[in-house]
Amino acid sequence: MYKLQICLRYLRTRWIAMASIISVMLGVATMIVVNSVMAGFATEMRERIHGILADIVIETHTLDGDPDAARRMQEIMEVAGDYVEAMTATVEVYGMISFKYRGQVITRPVTLIGIDPKTKGEVSPLVTNLASFTSGRRMGLALQDDAVEGCLVEGVLPGSSAHTAGIHAGDRITRCNGSPVEDTKDLASRLKNSIDRKTIELEIVRDQRTLALNLPVPSPSWTLTTEARSHRRMLVELERRRLEWNQPHQVAPASGSQPIPQTPQPTPPNLDAPPAFPPETLAPPPEIDLSPAVPPSTRSLDALDSPPSPPGEPFELADPADPLPAKIFIGAGLIEFPIEDKETGEIRIERMVLAGEDVRITTVSAGRPPEPRHFTATVVDVFKSGMSEYDSNLVFCNIEQLQQTRGMIDPSTGDRAVTSIQVKLKNFEDADVVVKRLRAAFPAHIYSVRTWQQKQGPLLAAVELETGILNILLFLIIAVAGFGILAIFYMIVVEKTRDIGILKALGASRQGIMSIFLGYGLALGVVGSGVGVLLGLTFVYYINEIEKGITWLLGRKVFDETIYYFPEIPTAVSPMMVSCVALGAVLIAVLASILPARRAATLRPVQALRYE
């Protein structure tokens, strides 16, 4: 009993113990915060990588592809049909994309991926990465920030999924999938995280009443949104007016003689000329805000090239607002760049190409030798996964058009070649078994069979290595705290030599004296780690609010989403990690008290009291 009383008395009265508690507390809190943020970044990154790739990817080593994709998919079902949930065939090839922006032609290298949106959406969450979905336009919603809280529904397209679900203009969206919604940016983040969901759970306020509605998640498709079609039609009208301006005019002289034909009038120097066919950017109706968009009057809309058409047959669209036969989802990083507002200092995103406009794509043909192939495509949507490696490189195209352009269709049989087959499993834990079976069925010199983790192995390994090294460095903080406890305990032993001698003279055993110091070290570790856990978890919970406060204090953005591609700081708290950090801190505190405890236990009463 006396051992516990002495430990508690020293813990309450000795201010030097506070230094040990604070050092342990800060070390534990720092490790929890850093590990939670690193785990959040790693989790978000893995989800975004997995959002592009299916569970298993079977690829050919040649860009010519496999000429019998249907047969390969049948073999996959024969080998591992019990594990497979869905499959999709794709064509992946390198290329170049060109478009005009403010009078200059911009060309970028890209990776073209031919897909079928429906089957691609079955193996990976493609639709949640499309700008029209996260903005609500794909569901028929026109949104704006509400002055109080949430998103105000400014308009609902008749016949759209939002209209069918019962959403009305004037409703205020306050929650999405169980999470609160503060503004349109927050709602976009909630919609983007609607992975593997069939419906979106919305909570709206209408006439001071709260309603719960379920909005079905649309399937990805090559159809233009209403706003995109409107913008495309407007550009066609601009082109028509430009052509009328350039037509020859006749001027009648004052004498009443025959009119004098005039040469074609030149185009005014500042008139933006739209393409000969509708481009791919839709100017939304007045009630819809597209702030990142560049007004048509500020960009050159000259066509880069005419769409291909059979000899002697003019190329015509049934509706000027219809997209071209070739359609694409373009990566946001290829057409966006940040601009700082000189007056407010805010960063806004400038978009050089909008949905509905046309771009020029160059790639190579299949076969030997490869030859250049060109075609014009309509941008149906903007793709943004949040991974700069993908957003600044990938362009998704309708697979049938890419196969036709590259010559991957057998004219005699109609078979279409593909370069890869993506497979989604019912349970990813069976991936190793499925990969082993597929590698046995598909020759290694022709095909490569890998999981999405193996395909992105170097990137994931780098993140894990960085996390491990960071943990080692941060754990040294707690180790320094342990050395502080060691030094403090040695000082206490020297200072309390007389008290130790008295306790031994009164009958205290060596184990009893040693247990006092070990208990004291245990108490320091428990209190320090306990307070550190509370501090660390609180910091993690309010980390975005803390970031906003620091941003306001410093006058500059601490966590810039244009750099990190996250709307807020991601965190993921692991109970196992918290437990290991706390127990590790307690263990270090106890180990640091062993040597001082042994020295105190070996003191003899006569020597301790000789000079008293």
**OP:** Under the side chain to side chain contact (heavy atoms under 4.5 Å, CB included) rule, what do Asn427 and Glu85 come out as? Steps first, then yes or no, please.
**Re:** CA-CA 9 Å; Asn427 188 351; Glu85 180 177 338; over 6 Å; no

Original post:
What do the steps show when you test Thr419 against Thr60 for side chain to side chain donor-acceptor pair (under 3.5 Å), and what is the final call?
Top reply: CA-CA 5 Å; Thr419 60; Thr60 61; 5.2 Å; no

**OP:** For side chain to side chain contact (heavy atoms under 4.5 Å, CB included), just list the numbers for Val57 and Arg450, CA-CA rounded to whole Å, side-chain angles, deciding distance to a tenth of an Å, and then say yes or no.
**Re:** CA-CA 6 Å; Val57 181; Arg450 293 178 292 178; 5.8 Å; no

Original post:
Going through the checks in order, is the salt bridge (Lys or Arg N to Asp or Glu O under 4.0 Å) test met by Arg46 and Glu44?
Top reply: CA-CA 6 Å; Arg46 292 170 69 91; Glu44 286 284 344; over 6 Å; no

Subject >> Criterion side chain to side chain contact (heavy atoms under 4.5 Å, CB included) on Ile328 and Val359, from CA distance to verdict >> reply: CA-CA 9 Å; Ile328 64 171; Val359 296; 3.6 Å; yes

**OP:** Could you walk me through whether Arg368 and Asp64 pass the salt bridge (Lys or Arg N to Asp or Glu O under 4.0 Å) test, one step at a time?
**Re:** CA-CA 9 Å; Arg368 294 293 177 271; Asp64 296 342; 3.3 Å; yes

Subject >> Residues Ser448, His61; criterion side chain to side chain contact (heavy atoms under 4.5 Å, CB included); working and verdict >> reply: CA-CA 7 Å; Ser448 169; His61 296 308; 3.8 Å; yes

Original post:
What's the verdict on side chain to side chain donor-acceptor pair (under 3.5 Å) for Thr223 and Ser221, showing C-alpha distance, side-chain angles and the deciding distance?
Top reply: CA-CA 6 Å; Thr223 58; Ser221 67; 2.9 Å; yes

Original post:
Checking side chain to side chain donor-acceptor pair (under 3.5 Å) for the pair Asn129/Tyr390: CA distance, chi angles, key distance, verdict?
Top reply: CA-CA 11 Å; Asn129 292 321; Tyr390 293 147; over 6 Å; no

**OP:** Give the intermediate values and the outcome of side chain to side chain donor-acceptor pair (under 3.5 Å) for residues Thr376 and Asp358.
**Re:** CA-CA 7 Å; Thr376 306; Asp358 296 328; over 6 Å; no

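Not a single donor-acceptor pair under 3.5 Å links the side chain of Lys548 to the backbone N or O of Ile543. Without hydrogens or angle criteria, Ser365 side chain to Glu371 main chain gives a donor-acceptor distance under 3.5 Å. Gln401 places no side-chain N or O within 3.5 Å of a backbone atom of Asn398 that could act as its donor or acceptor partner. A distance-only check finds no donor-acceptor pair linking the side chain of Thr405 to the backbone of Leu402 [under 3.5 Å]. No side-chain donor-acceptor contact under 3.5 Å links Gln422 to the backbone of Val123. No donor-acceptor distance shorter than 3.5 angstrom exists from the side chain of Asp415 to the backbone of Pro67, with no hydrogens or angles considered. A donor-acceptor pair under 3.5 Å is absent between the side-chain atoms of Asp430 and the main chain of Val433, judged by distance alone. With Thr62 contributing its side chain and Gly65 its backbone, the two residues share no donor-acceptor pair below 3.5 Å. With hydrogens and angles disregarded, no donor-acceptor distance shorter than 3.5 Å links the side chain of Lys118 to the backbone of Asp116. The closest donor-acceptor contact from the side chain of Thr43 to the backbone of Gly40 lies at 3.5 Å or more, if one exists at all.
With rounding to the nearest 0.5 angstrom, the CG atom of Asn393 is 8.0 Å from the OH atom of Tyr94. In this structure, CG in Asp66 is found 11.0 Å from OG in Ser420, a value given to the nearest 0.5 Å. For the atom pair CG (Leu63) and OG1 (Thr363), the distance works out to 8.5 Å, reported to the nearest 0.5 Å. If you take CZ on Arg138 and CG on Leu191, they are separated by 13.5 Å, rounding to the nearest 0.5 Å. Note that the OG1 atom of Thr119 and the NZ atom of Lys424 stand 12.5 Å from one another [nearest 0.5 Å]. The CD1 atom of Ile399 sits 9.0 Å away from atom CD1 of Ile115, with the distance rounded to the nearest 0.5 Å.
A heavy-atom distance below 4.5 Å is found between the side chains of Arg229 and Arg233. Between Val418 and Met408, every side-chain heavy-atom pair lies at or beyond the 4.5 Å cut-off. Two residues are said to be in side-chain contact when any heavy atoms from C-beta on lie closer than 4.5 Å; Lys192 and Phe133 fail this criterion. Residues Thr174 and Val181 have side chains not in contact (no heavy-atom distance under 4.5 Å, counting atoms from C-beta outward). Contact of the Val578 side chain with the Leu537 side chain is registered, since non-hydrogen atoms from C-beta on lie closer than 4.5 Å. The side-chain heavy atoms of Thr378 and Arg232, taken from C-beta on, include a pair separated by under 4.5 Å. Two residues are said to be in side-chain contact when any heavy atoms from C-beta on lie closer than 4.5 Å; Ile421 and Arg72 meet this criterion. Lys455 is listed as a side-chain neighbour of Leu53, based on a closest heavy-atom distance under 4.5 Å.
The two residues Gly159 and Thr164 make their nearest non-hydrogen contact at O-OG1, 4.3 Å. Across every non-hydrogen atom of Ser132 and Thr225, the tightest pair is CB-CG2, 3.9 Å. Here the closest heavy-atom approach between residue Asn177 and residue Arg190 is recorded as ND2-O, 3.8 Å. For the pair Ala572 and Ala39, the tightest heavy-atom approach, listed with the atom from each and the gap, is O-CB, 3.6 Å. Ile200 and Met139 get closest at one heavy-atom pair: CD1-CE, 4.4 Å. Contact detail for Met352 and Glu336: the closest heavy-atom pair is CE-N, 4.2 Å.
In this structure, Lys426 places its NZ atom where more than 12 heavy-atom neighbours from other residues, nucleotides or ligands lie under 6.0 Å away. Counted within 6.0 Å of CD on Glu429, heavy atoms from surrounding residues, nucleotides or ligands total 12 or fewer; the atom is thus considered open.
If you run side chain to side chain contact (heavy atoms under 4.5 Å, CB included) between Cys151 and each of Ile204, Leu187, Leu202, only Leu187 comes through.
The pair Lys327-Glu400 does not meet the salt-bridge criterion, since no charged nitrogen lies less than 4.0 angstrom from a carboxylate oxygen.
The aromatic ring centroids of Phe329 and Phe383 lie 6.0 Å or more from each other.
The aromatic rings of Tyr101 and Phe337 lie perpendicular to each other, with more than 60° between the two planes, well past the 30° mark.
In this structure, a donor-acceptor pair under 3.5 Å is absent between the side chains of Ser36 and Thr571.
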